[in-house]
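What follows is a single structure, written as structure tokens, with notes after it.
Here is how names work: the chains are called A, B, and so on, in the same order as the sequence lines, proteins then strands, and each is numbered from 1.
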Number of protein chains: 2
Amino acid sequence: MSKILIIEDNNEINGLLSELISNIGHQVVSAYSGPEGLRLFREDSFSLILLDLMLPGKSGEEILVEMRSNSNIPIIVISAKSDIDEKVKLLESGANDYITKPFDTREVAARIEIQLRNSTYSNSAFVSYGELKISSINRTVMVNDSEIVLTRHEFNILELLIKHPQKVYSKQELYEQAWDEMYLGEDKTLNVHISNIRKKIKEYTDTEYIETVWGIGFRIKGLAVGGRR
Amino acid sequence: MSKILIIEDNNEINGLLSELISNIGHQVVSAYSGPEGLRLFREDSFSLILLDLMLPGKSGEEILVEMRSNSNIPIIVISAKSDIDEKVKLLESGANDYITKPFDTREVAARIEIQLRNSTYSNSAFVSYGELKISSINRTVMVNDSEIVLTRHEFNILELLIKHPQKVYSKQELYEQAWDEMYLGEDKTLNVHISNIRKKIKEYTDTEYIETVWGIGFRIKGLAVGGRR
DNA sequence: AAAAAAGGTTAAAGAAAGTGTAAAGGATTG
DNA sequence: CAATCCTTTACACTTTCTTTAACCTTTTTT
């Protein structure tokens, strides 16, 4: 089962797609505007995105480019525009498929499955964040194009943080998700691992990527300048 | 540059596609009938196939099914039929994309690039990886031109690893795919097989090809790596 | 500004995971 | 139905990772 994000302002169409995706056994999250879609994209992690072009707040084109700048998640554009120039432009700037409205639900379902099938084996499934680039399939992390080798737990931790930038992970959440075990409070183990990850990242950059959130846990530090302490 | 096979009986369209593909920098081979296309597919190795549906000799549907039975090569169907049932059926039976005639050449170009971009697929009779050369059809493995004889499970394991270099296979994935049976955790069997494969490979080379990923599983070791701990 | 609380770092002991050999147990085949 | 080959189990050994513990630093509270 995959988690799919629908970005579509029209309530009816959003509902229709949502139902369709549930029916073929996937989990759905709906966004009704560009910024909302981008926020969800950044905070959560999805296997595929269905993107409408005409959106309030921010156009689908802009969203596509923004998502492509640090992820190669499959994106299917759904649009009422049948303008061929637009279509080609979108496909060239990174959309994986382009479906014109009105669409047939079975065709949409089939095209979703094709994308999901492709991305399972494509060894290019990665997410970048600043100088970091992480591949879940290869379980590798690159810092400025140099590979750093992380152990199992180290990788799990960094993967969680990078795939959900902005999100603050409590120590308990981090522990339970990276270890898949109960967290029994007051444990320095996690700190040691965080320390080790930081040390490895520092071999290739001076930027600090893991931010400590006092009294709570950790998160990936925002890239934009002007961070507070 | 990729090698692309066009299977299309209409001379004019075949020529048009052929020119288009050359223009975007790929190599083209043209077939004008189903059987001819299949023969070329078997004899040569391509990165992608453009398949017309209405063909003399053998229908595009049949060809699709036949190719899919033993290959994951990206196949783009190009058809005059805009019948939605047909379209869905084809997409579900393994086509990667479906373009209806008349088509825009730029769109075709863009869709070809998308397929090539996501696929790591190779249709060669042999897959080579460094000094290893593996033939799925003959179920043989050569190391520096000397054949090593692997048992069924040994071959299945090495085949998986080599066909998806870089990808880390968890023990569970490896077991379930090589045995086609449920993995019930904590099993040393896989390790013994890995060990045996390594031993056989070592008869003819000093390079270590199978890398252990601690706590996870195994993968084929990168050929030119600069990783550090 | 001192005390208290939370986090950071290091090194080393201990736990967990992986390796390779050998032999037992199954399956297959002539 | 016996011989053979493959798979699995067992075990002693090696490697790597995780955790503990001690001590240090930073931040917050009083």
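For the side-chain hydrogen bond (donor to acceptor under 3.5 Å, both in side chains) test, residues two or more places apart in sequence or in another chain that qualify with A:Ser136 are A:Glu159, A:Lys163. Evaluation of the side-chain hydrogen bond (donor to acceptor under 3.5 Å, both in side chains) rule for B:Thr207 yields B:Glu131, B:Thr205 as partners, not counting sequence neighbours. For B:Glu86, the side chain to side chain contact (heavy atoms under 4.5 Å, CB included) partners at least two apart in sequence or on another chain are B:Leu53, B:Glu61, B:Lys81, B:Asp83, B:Lys89, B:Leu90, B:Tyr98. Judged as a side-chain hydrogen bond (donor to acceptor under 3.5 Å, both in side chains), and not counting sequence neighbours, the contacts of A:Asp97 are A:Arg111, B:Arg111. Qualifying side chain to side chain contact (heavy atoms under 4.5 Å, CB included) partners for A:Asp180, counting only residues two or more places apart in sequence or in other chains: none. Residues passing the side-chain hydrogen bond (donor to acceptor under 3.5 Å, both in side chains) test with A:Glu113, sequence neighbours excluded: A:His26. Listed by chain and number, the residues in a ring pair (Phe, Tyr, Trp, His ring centres under 6.0 Å) with A:Tyr175 are A:Trp179, A:Tyr183 (sequence neighbours excluded).
At the heavy-atom level, A:Thr212 lies under 4.0 Å from the strands shown only through sugar-phosphate atoms. Using a 4.0 Å heavy-atom cutoff across all strands shown, A:Lys188 reaches at least one base atom of the nucleic acid.
Against DNA chain D, the stretch residues 150-158 of chain B makes heavy-atom approaches under 4.0 Å through B:Thr151, B:Arg152, B:His153.
Distance CD1 (A:Ile216) to P (D:dT27): 16 Å, rounded to an integer number of Å. We find that CG of A:Leu190 is positioned 15 Å from C1' of D:dT20, with the value rounded to whole Å. For the pair A:Ile194 CD1 and D:dT19 P, the computed distance is 13 Å after rounding to whole Å. Look at CG on A:Asp180: it is 17 Å from C1' on D:dT18, rounded to the nearest Å. Summarising the geometry, the separation between OH on B:Tyr183 and C1' on D:dT7 is reported as 16 Å, rounded to the nearest angstrom. Atom-to-atom, CZ of B:Arg198 to C1' of D:dT15 comes out at 12 Å; the value is rounded to the nearest Å. Spacing between atom CG of A:Leu174 and atom P of D:dT18 amounts to 15 Å, rounded to whole angstrom units. In this structure, A:Asn191 atom CG and D:dT25 atom P are separated by 17 Å, rounded to whole Å.
Under the 3.5 Å distance criterion, with hydrogens and angles disregarded, a donor-acceptor pair is assigned to the side chains of A:Asn14 and A:Ser30.
Sorted by first then second residue, the salt bridge (Lys or Arg N to Asp or Glu O under 4.0 Å) pairs that include residues 33-42 of chain A, not counting sequence neighbours, are A:Arg39-A:Glu43, A:Arg42-A:Glu66.
Residue B:Trp214 has no polar side-chain atom (N or O) positioned under 4.0 Å from OP1 or OP2 of D:dT14. Applying the 4.0 Å criterion to OP1 and OP2 of D:dT8, one finds that B:His193 has a side-chain N or O inside that range.
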Solution key, residues 190-197 of chain A side-chain donor-acceptor pairs under 3.5 Å, sequence neighbours excluded:
| unit_1 | atom_1 | unit_2 | atom_2 | d |
| --- | --- | --- | --- | --- |
| A:Asn191 | OD1 | A:Lys171 | NZ | 3.1 |
| A:Asn196 | ND2 | A:Val192 | O | 3.4 |

Run B:Arg219 and B:Lys167 through side chain to side chain contact (heavy atoms under 4.5 Å, CB included) and show every step you take.
CA-CA 6 Å; B:Arg219 76 167 149 197; B:Lys167 172 172 161 65; over 6 Å; no
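Think of the region where chain B sits on DNA chain C: with heavy atoms and a 4.0 Å cut, that region ends 5' and 3' at C:dA16 to C:dT21.
Helix-axis bend for the helix from C:dA1-D:dT30 to C:dG30-D:dC1: the local axis fitted to the five terminal pairs at one end deviates from that at the other end by 40°, rounded to 10°.
Cation-pi check for B:Lys221 over B:Tyr209 is not met; the charged atom does not lie both under 6.0 angstrom from the ring centroid and within 45 degrees of its normal.
If you find the closest nucleotide of DNA chain D to B:Asp187 and to B:Val149, the one lying nearer the 5' end belongs to B:Val149. Between A:Lys171 and B:Lys202, the residue whose closest nucleotide on DNA chain C is further toward the 5' end is A:Lys171.
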